[in-house]
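Chain naming here is simple, since letters A, B, ... match the order of the sequence lines and numbering starts at 1 in each. Keep in mind that the numbers below use all heavy atoms, side chains included, and drop hydrogens, waters and symmetry copies.
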Number of protein chains: 4
Amino acid sequence: MAKKTPDTEIKARIYNAARRLFVEKGYYQTSIPDIVKEAGVSIGAIYHHFSSKEDLARVIHQDALAQFLDRYDRHVESVVRAEDKVRGFVRFMFEWADEDLIMVNYLLHGRPQEILEYNFTICSAEGLEAVKKIVVTGIEEGTFKKGDEVLMAAFISGPIMRLIELKTDGIITAPLSSLAEETAEYILAALKA
Amino acid sequence: MAKKTPDTEIKARIYNAARRLFVEKGYYQTSIPDIVKEAGVSIGAIYHHFSSKEDLARVIHQDALAQFLDRYDRHVESVVRAEDKVRGFVRFMFEWADEDLIMVNYLLHGRPQEILEYNFTICSAEGLEAVKKIVVTGIEEGTFKKGDEVLMAAFISGPIMRLIELKTDGIITAPLSSLAEETAEYILAALKA
Amino acid sequence: MAKKTPDTEIKARIYNAARRLFVEKGYYQTSIPDIVKEAGVSIGAIYHHFSSKEDLARVIHQDALAQFLDRYDRHVESVVRAEDKVRGFVRFMFEWADEDLIMVNYLLHGRPQEILEYNFTICSAEGLEAVKKIVVTGIEEGTFKKGDEVLMAAFISGPIMRLIELKTDGIITAPLSSLAEETAEYILAALKA
Amino acid sequence: MAKKTPDTEIKARIYNAARRLFVEKGYYQTSIPDIVKEAGVSIGAIYHHFSSKEDLARVIHQDALAQFLDRYDRHVESVVRAEDKVRGFVRFMFEWADEDLIMVNYLLHGRPQEILEYNFTICSAEGLEAVKKIVVTGIEEGTFKKGDEVLMAAFISGPIMRLIELKTDGIITAPLSSLAEETAEYILAALKA
DNA sequence: AATGAATGAGCTTTCATTCAT
DNA sequence: CATGAATGAAAGCTCATTCAT
């Protein structure tokens with residue numbers, strides 16, 4: 001149940017083709033004709049369902065973001081202890097990547113720069129905030145050392161993103177979720193008081 | 001002494017303008033007219049000094065790579081203990097980023113996909129190998145825990161790359177080198193037996 | 001019924017403008033903007049209907065060739081006596097030139113060198129063969145002298161091509177077909193035993 | 001002594017490289033960089049010796065034309081009987097082609113259209129005149145039939161040009177001069193009363 | 001809803017030519 | 001004499017987008 005199901009079959013074909021191509025080749029390297037070929041639809045169909053190429057990217061991005069926030073709420077926000085927040089964060093990101101690697105990559109890398117500006121992304125300053133909140137909780141709890149919060153946050157998001165990249169590049173072949181516990185323990189080893 | 005000094009003044013202007021724009025806007029989003037404006041040269045001058053836009057990207061990439069390998073040799077290869085390799089790696093990457101953030105970003109993100117194929121990059125499988133060798137040394141020494149080498153390598157490169165990104169985005173304003181010791185200690189805390 | 005009628009009006013405008021310009025100025029001296037002006041269409045329209053400038057030239061060439069072969073079949077192949085083959089050949093070339101001088105010139109001179117390679121042309125070795133077959137027939141029949149076949153073939157195609165050139169340059173103003181009988185008789189006078 | 005010998009060695013290298021390339025690839029398809037490579041000289045050297053690319057073509061053309069006119073004078077003008085004029089014409093064209101095929105082709109096909117306008121060429125109206133004069137002489141003498149002079153002229157220049165083309169394309173491998181007598185006899189057979 | 005013909009700005013690259021050295 | 005760095009107009013082609021059907 002990873003993907004939002006768009007209203008019509010054709011819309012779904014466009015959506016999925018675009019998502020895949022944006023991640024594989026990059027937003028700017030993907031042309032409308034590319035999407036036409038990949039989705040097997042007409043140019044007109046694309047512009048009937050989406051107002052522009054950028055809009056298409058934005059809709060996908062918003063879906064990806066909504067999924068991220070939903071999972072973040074369930075696995076991080078609603079959890080009390082910082083250690084469990086870290087475990088939850090790692091676990092949901094890896095499970096999500098196993099379910100829908102394209103969507104996770106879309107959130108990390110697949111959209112045009114223009115979208116970055118008016119949207120939260122896990123790579124952006126706002127994305128950092130989400131992770132920083134975990135760090136702050138841990139420090140307040142006394143579980144984590146006192147240290148530079150930004151630097152500490154980089155020890156949560158950095159390895160997670162790097163491992164998702166390695167999975168994407170085919171260097172890691174096992175399901176990422178099988179590495180979740182070990183990854184969380186390394187992060188905690190780095191951060192714990 | 002970060003930048004290679006190309007032979008002529010105009011060639012240097014082209015080289016530096018291209019480097020900056022490729023990093024800021026991305027290779028594909030940077031047009032030759034953009035470089036013309038930024039460098040204050042003519043189209044013809046660019047094609048006089050470089051055989052194509054891709055060649056320009058390749059030359060920059062090779063310089064960046066040569067610098068990386070040189071620094072890697074001096075701060076990692078020529079050092080014996082795994083702990084010192086980690087410290088050396090963090091320190092040289094952060095010092096390099098402070099000296100020439102554009103070049104470091106170029107190596108990490110600035111080149112066209114086409115170049116990836118026939119070249120080592122720190123993001124690629126080959127780049128991973130360099131980092132994995134540090135991990136292997138540490139395990140053999142008995143300094144590091146026994147664990148998945150790829151995962152452990154992600155705890156070296158992941159936070160480093162993430163912190164360079166945060167510096168690039170202006171979220172970190174202090175010199176990265178002032179964070180080097182602390183960063184290295186976190187990495188070691190994560191990996192040590 | 002000289003020209004093939006392409007499917008759409010715009011495609012036909014492109015086709016005819018290109019044909020005319022390729023013959024008048026030469027393939028390489030005709031730019032896409034020239035065709036745009038001459039045909040009164042947009043650049044995009046050209047590339048919508050033809051995949052490249054060379055493709056446009058190739059399509060025209062294939063039409064010209066198909067017409068040549070059709071006429072050759074009807075006026076030369078299906079005729080028995082060598083004398084009548086010569087008369088048929090001269091007549092159909094001159095009638096064709098009167099009907100559609102541009103197309104005949106296109107076949108003779110109007111295409112880029114690249115097309116020459118994978119196609120029969122009246123100027124090429126293969127084109128020569130068609131004419132040589134007439135000569136061989138005449139010799140076997142005993143109507144023509146025994147002589148160098150290539151040289152004799154040059155007495156059929158050489159004057160025909162030269163007269164079409166003179167018509168094209170406006171030096172000959174009368175319809176070429178009015179010269180067909182006389183031309184054929186000169187050729188036969190040269191070749192007959 | 002077919003070629004004019006330009007003053008300096010470098011000028012000669014440019015001249016010969018240009019001549020060869022203009023014939024092989026066509027004037028417009030030959031770039032100054034092509035000539036630079038072929039001749040092994042600098043761009044500056046070309047512009048030192050010739051004022052422009054077109055000037056280079058014009059100088060070559062004028063040499064070719066001067067040679068043509070000289071040979072025409074010696075083998076056609078200075079000869080009395082029409083039959084001998086034809087024989088002389090064929091012989092000198094074929095001998096010239098055997099000596100310097102590139103130069104003959106240059107006269108026939110190798111120059112830019114711009115030059116055509118203010119110069120005599122064997123293909124042009126003026127070139128036709130030279131050949132027509134032979135025909136007129138023959139008719140006045142009573143040696144040739146009475147007929148359309150232009151048409152009859154096409155029986156002199158057409159086969160000659162066609163045979164030179166066939167030699168250039170490598171279809172004829174024997175020296176053209178070995179075909180001169182036979183060719184002249186065919187022409188005379190076509191034209192004689 | 002769906003199609004694809006048509007548009008034209010903008011891209012990378014080539015090339016004849018100039019001129020300081 | 002000779003060089004080649006520098007110029008910029010113009011080339012072939014791509015692509016997001018519009019709109020009549």
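- Spacing between atom CD1 of A:Ile46 and atom P of F:dT18 amounts to 13 Å, rounded to whole angstrom units.
- Atoms CZ (C:Arg58) and P (F:dG12) sit 16 Å apart, rounded to a whole Å.
- Nearest-nucleotide mapping onto DNA chain E: of B:Ser52 and C:Ile10, the residue sitting toward the 5' end is C:Ile10.
- Both B:Ser51 and C:His48 lie close to DNA chain E; mapped to their nearest nucleotides by heavy-atom distance, the more 5′-ward contact belongs to C:His48.
- For the residue pair C:Asp63 and C:Tyr15, a side-chain donor N or O sits within less than 3.5 Å of a side-chain acceptor on the partner.
- Distance B:His49 NE2 to E:dT13 P: 16 Å, rounded to the nearest Å.
- Side chains of D:Ser52 and D:Asp55: a donor-acceptor N/O pair is absent below 3.5 angstrom, by distance only.
- Per the geometry, CD1 belonging to C:Ile14 stands 10 Å off C1' belonging to E:dA5, to the nearest Å.
- In this structure, F:dC19 and E:dG4 make a Watson-Crick or G-U wobble pair, each of the two defining distances being under 3.5 angstrom.
- Listed nucleotides: F:dA16, E:dT3, F:dG12. Nearest to the side chain of C:Ile32: F:dG12.
- As rounded to whole Å, 17 Å separates atom P of E:dG10 from atom CD1 of B:Ile35.
- Between the P atom of F:dC19 and the CD1 atom of A:Ile43 lies a distance of 15 Å, rounded to the nearest Å.
- Ring centroid separation for the pair D:Phe22 and D:Tyr27 comes in under the 6.0 Å cut-off.
- Distances shorter than 4.0 Å separate some side-chain N or O of B:Ser31 from OP1 or OP2 on E:dC11.
- Between the P atom of E:dA1 and the OH atom of A:Tyr47 lies a distance of 17 Å, rounded to the nearest Å.
- Judged by the 6.0 Å distance and 45° axis criteria, B:Lys53 is not positioned over the aromatic ring of B:Tyr47.
- Regarding D:Leu21, its CG atom lies at a distance of 13 Å from the P atom of E:dC15, rounded to whole Å.
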